[in-house]
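A quick write-up on the structure given underneath.
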Amino acid sequence: MAEHKKFENGFEYIEVTNKSARARIALQGAHLFHYERVGGKPFLWLSETSFFEEGKAIRGGIPICWPWFGKHATEPGLPQHGFARIFVWQLLEVNATDAYSTEVTLQLKTSAESLQLWPYRFELLLHITVSRTLTITLTTKNRDEHPFKIISALHSYFAVSGIDNVYVEGLANTPYFDALTKENRVQQGRVHITEEVDRIYQNVHYPLILHDRDRTLQVDGQGSSSAVVWNPWIDKCAGMGDMPDDGYKTMLCIETANALQDAQMPAPGEEHTLTAVIS
Ligand code: BG6
């Protein structure tokens, strides 16, 4: 079942419920901000002080960073992480495959507004499969006459019992760019979070496993060889208006990405698909 819902301020989302899971997807940003299996706890972290407002990204769930990641390379005044997460997408289809699985498809296309921010014609499709496994597939189609560069991420915020209880497995010996020190380093062993972390891993071999005290989540990326691991830690978290001061203790971002050397350059008529399978 899928219900079209609104918050009091009119902010719209779709709530999908089936025998496996429940999910909520905002039309702004095609932003999945809730997913939980029947009888289980939410997979995704959502800030209790997040904005659900036009033009502001939701803090939590899975924002879509596209067609650039972080600050724009040359124009710092443009929206951080691109515009896909703050534009309203069109809901194309909700398809209940069976009682246990629902597929939702949303689309974003070139508009006068997008051309002001990014001078290319494109079509983006996001397929979300809500079942025992959560699958998110972002397809970029180049509808322009020129190739364009896309740097993107499925910026997944995972809910954790306590940041001290978790570690990420699957990145040992993987090179990464440390966005805080601007150094290139190589991961030694598992990733434990004991301070602010903002890293872009390269040559990633999925799956990545998030171990928590009483749960293990697997992130399997396809069409991706880079992944971002981010936790703002104490000071940055305290400075964020849409995150409680202790929010950093209960979240960890593991983002299936196309970043740095893994940026994509589809030619006219070509497409690229980035997928995260979370189970
Ligand atoms: C992460 C980036 O993916 O997103 C960080 O690596 C950034 O550098 C973080 O701070 C949050 O970004 P935003 O725009 O949602 O506050």
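We number each residue from 1, following the sequence as shown. All values below come from the heavy atoms of this structure, side chains included, with hydrogens, waters and symmetry mates left out. When a ligand or atom number is given, it counts from 1 through the structure's own listing order. Quantities reported herein were computed from a predicted structural model and do not represent experimental measurements.
- For atom 11 (C) of ligand 1, the nearest protein heavy atom (residue, atom name, distance) is Trp230 CH2, 3.5 Å.
- In terms of protein heavy-atom proximity, atom 12 (O) of ligand 1 is closest to His81 NE2, 3.2 Å.
- In this structure, Lys56 satisfies the cation-pi test against Phe51, with its NZ or CZ atom closer than 6.0 Å to the six-membered ring centre and inside 45 degrees of the ring normal.
- When each atom of ligand 1 is checked for a heavy atom of His155 under 4.0 Å away, the hits are 1 (C), 3 (O), 4 (O), 9 (C).
- Using a 4.0 Å cut-off between charged side-chain N and carboxylate O, Lys6 and Glu12 make no salt bridge.
- Less than 4.0 angstrom separates some heavy atom of Phe69 from each of these atoms of ligand 1: 2 (C), 3 (O), 6 (O).
- The distance between the ring centers of His146 and Phe148 does not fall below 6.0 angstrom.
- Taking a cut-off of under 4.0 Å to the non-hydrogen atoms of Glu255, the atoms of ligand 1 that pass are 1 (C), 3 (O).
- By the criterion of a heavy-atom distance under 4.0 Å, neither the backbone nor the side chain of Met243 is placed next to ligand 1.
- Applying the side chain to side chain contact (heavy atoms under 4.5 Å, CB included) test between Ile278 and each of Asp220, Thr135, Ile62, Thr133 identifies Ile62 as the sole match.
- When each atom of ligand 1 is checked for a heavy atom of Arg85 under 4.0 Å away, the hits are 13 (P), 14 (O), 15 (O).
- The backbone N or O of Glu53 sits less than 3.5 Å from a side-chain atom of Gln28, completing a donor-acceptor pair.
- For Glu196, the closest heavy-atom approach to ligand 1 does not fall below 4.0 Å.
- Among protein heavy atoms, the minimum distance from atom 6 (O) of ligand 1 is reached at Asp198 OD1, 2.6 Å.
- For the pair Arg121 and Asp144, the salt-bridge criterion is not met [side-chain N within less than 4.0 Å of a carboxylate O].
- Look at Arg59 and you'll find a heavy atom under 4.0 Å from some atom of ligand 1.
- At a threshold of 4.0 Å, the pair Asp212-Lys41 does not count as salt-bridged, since none of the basic side-chain nitrogens sits closer than that to a carboxylate oxygen.
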